[in-house]
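Owing to the predicted nature of the structure, the values given are computational and were not obtained by experimental measurement. Whatever order the structure lists ligands and atoms in, that order sets their numbers, starting from 1. Excluded from the calculations below are hydrogen atoms, water molecules and symmetry mates; all remaining heavy atoms, backbone and side chain alike, are included.
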Amino acid sequence: TAGASGVADLAGRHVVVSAGGTRERLDPVRFLGNRSSGRQGYALARAAAARGAEVTLVAANVTLPDPAGVKVVRVESTAELRDAVLSAAAAADAVVMAAAPADFRPLTESDVKIKKSDDGSAPTITLQQNPDILRELSTQRPHPGAVIVGFAAETGDATGSVIDLARAKLARKGCDLLVVNDVSGGAVFGSTDNEAVILGADGSALEVPHGSKSALAHLIWDQVVSRMVLQQ
Ligand code: CTP
Ligand code: CA
């Protein structure tokens, strides 16, 4: 099958895409989570399969139907996401981290349901940082030729514009491409459309006008494919 370009330019390639939002367990019935729907990651997986790739989709708590022709690995927490992504990445020509891993997890997980007390008090939950999967992939390069892609939703602040912050994030992560959503005007969670800038570690910046997640997915794969050729 062929992609938007009409060419199966990912044929013979193995790509890994992560999608969704991780959940960090507090007790047997509760977790800390986020509102990532997984739609952009699923669109990326579908687009890559349409362009001929063998696709492993690591899905964290996504309720969407499995895309056809894609291997789906289901995970819950950031630790599980990390294990699944790193193991699939060893044989991958590209890894796209579209998932939203929780930055923090509770220091301890209770084996029993946390109960409330009659005095009106509330427990204090101590958090610890989760491992940064994208940074680990980029700095340790399980497959040296692979193209590594990150996502970032940013709002500009006193320290810089969205693009300044994104450039700094790209450098900090060490990835090859960073897909940046400007969320200053309100959240994009759950929306079917997207608008983004694709930054390259080589200094490139491609502005993607408002459009479908599928259209953005194909433009991301275009950028990945051109770098695969360079890195071959
Ligand atoms: N990411 C990751 N592992 C984490 C957190 C984030 O791999 N523990 C990846 C995301 O999948 C995304 C990219 O890193 O592709 C950027 O995520 P973001 O949350 O913007 O980066 P953080 O370093 O967590 O920075 P911030 O403090 O702005 O949340
Ligand atoms: Ca984060």
Assess the residue pair Arg105 and Glu80 against the criterion (salt bridge (charged side-chain N to carboxylate O under 4.0 Å, His left out)); give the C-alpha distance rounded to whole Å, side-chain angles, the decisive distance to 0.1 Å, and a yes or no. CA-CA 13 Å; Arg105 68 180 182 278; Glu80 291 165 15; over 6 Å; no
Using atom types as modelled and distance alone, determine if a side-chain donor or acceptor of Arg51 lies under 3.5 Å from a backbone N or O of Ala47. no
If we only consider heavy atoms of Ala100, is any one of them less than 4.0 Å away from an atom in ligand 1? no
Would you check whether Val149 has a nitrogen or oxygen atom less than 3.5 angstrom from a nitrogen or oxygen atom of ligand 1? no
I want to know if ligand 1 touches Arg172 in the polar sense, i.e. an N/O pair below 3.5 angstrom. no
Return the residue, atom name and 0.1 Å-rounded distance of the protein heavy atom closest to atom 9 (C) of ligand 1. Leu134 CB, 3.8 Å
So is Lys173 touching ligand 1 or not, going by heavy atoms under 4.0 Å? yes
Run the salt bridge (charged side-chain N to carboxylate O under 4.0 Å, His left out) check on Asp27 and Lys115 step by step: do they pass? CA-CA 10 Å; Asp27 73 13; Lys115 304 296 282 180; over 6 Å; no
Could you tell me whether Lys169 and ligand 1 have an N or O pair separated by under 3.5 Å? yes
For the residue pair Phe151 and Val96, establish whether any side-chain heavy-atom pair is separated by less than 4.5 Å. yes
Ser36-Asn34 side chain donor-acceptor pair, cut-off 3.5 Å: no
May I ask you to list the atoms of ligand 1 that are less than 4.0 angstrom from any heavy atom of Met97? 7 (O), 11 (O), 12 (C), 15 (O)
What is the distance from atom CG of Leu107 to atom CD of Gln129, rounded to the nearest 0.5 Å? 13.0 Å
Tell me whether Phe151 has any N or O atom under 3.5 angstrom from an N or O of ligand 1. yes
Looking only at non-hydrogen atoms, which of Ala98, Pro101, Ala99 approaches atom 4 (C) of ligand 1 most closely? Pro101
Consider ligand 1: state whether an atom of it lies below 4.0 angstrom from any non-hydrogen atom of Arg82. no
Quick one: does Asp182's side chain have a donor or acceptor within less than 3.5 Å of a partner on Ser184's backbone? yes
Which atoms from ligand 1 have a heavy atom of Asp132 less than 4.0 Å away? 2 (C), 3 (N), 4 (C), 7 (O), 8 (N), 23 (O)
Cluster overlap Ile198 with Val15, hydrophobic side-chain contacts below 4.5 Å: yes
Identify, by atom number and element, the atoms of ligand 1 in contact range of Gly150, meaning under 4.0 Å from any of its heavy atoms. 15 (O)
Main-chain N/O of Ile148 paired to Asp176 side chain as donor or acceptor, under 3.5 Å: yes
Identity and separation of the nearest protein heavy atom to atom 3 (N) of ligand 1: Ile133 N, 3.1 Å
Donor-acceptor under 3.5 Å (Thr56 side chain, Val16 main chain): no
Give yes if a backbone or side-chain nitrogen or oxygen of Ala152 is under 3.5 Å from a nitrogen or oxygen of ligand 1, and no if not. no
Under 3.5 Å between some N or O of ligand 1 and some N or O of Ala153? no
Do Thr78 side-chain atoms and Ala102 backbone N/O form a donor-acceptor pair below 3.5 Å? yes
Tell me, which protein residue and heavy-atom name are nearest atom 8 (N) of ligand 1, and how many Å apart are they? Pro131 O, 2.8 Å
Look only at interatomic distance and state if Ala102 has a nitrogen or oxygen under 3.5 Å from any nitrogen or oxygen of ligand 1. no
Under 4.0 Å from a heavy atom of Asp103: give me the atoms of ligand 1 that qualify, with their elements. 5 (C), 24 (O), 29 (O)
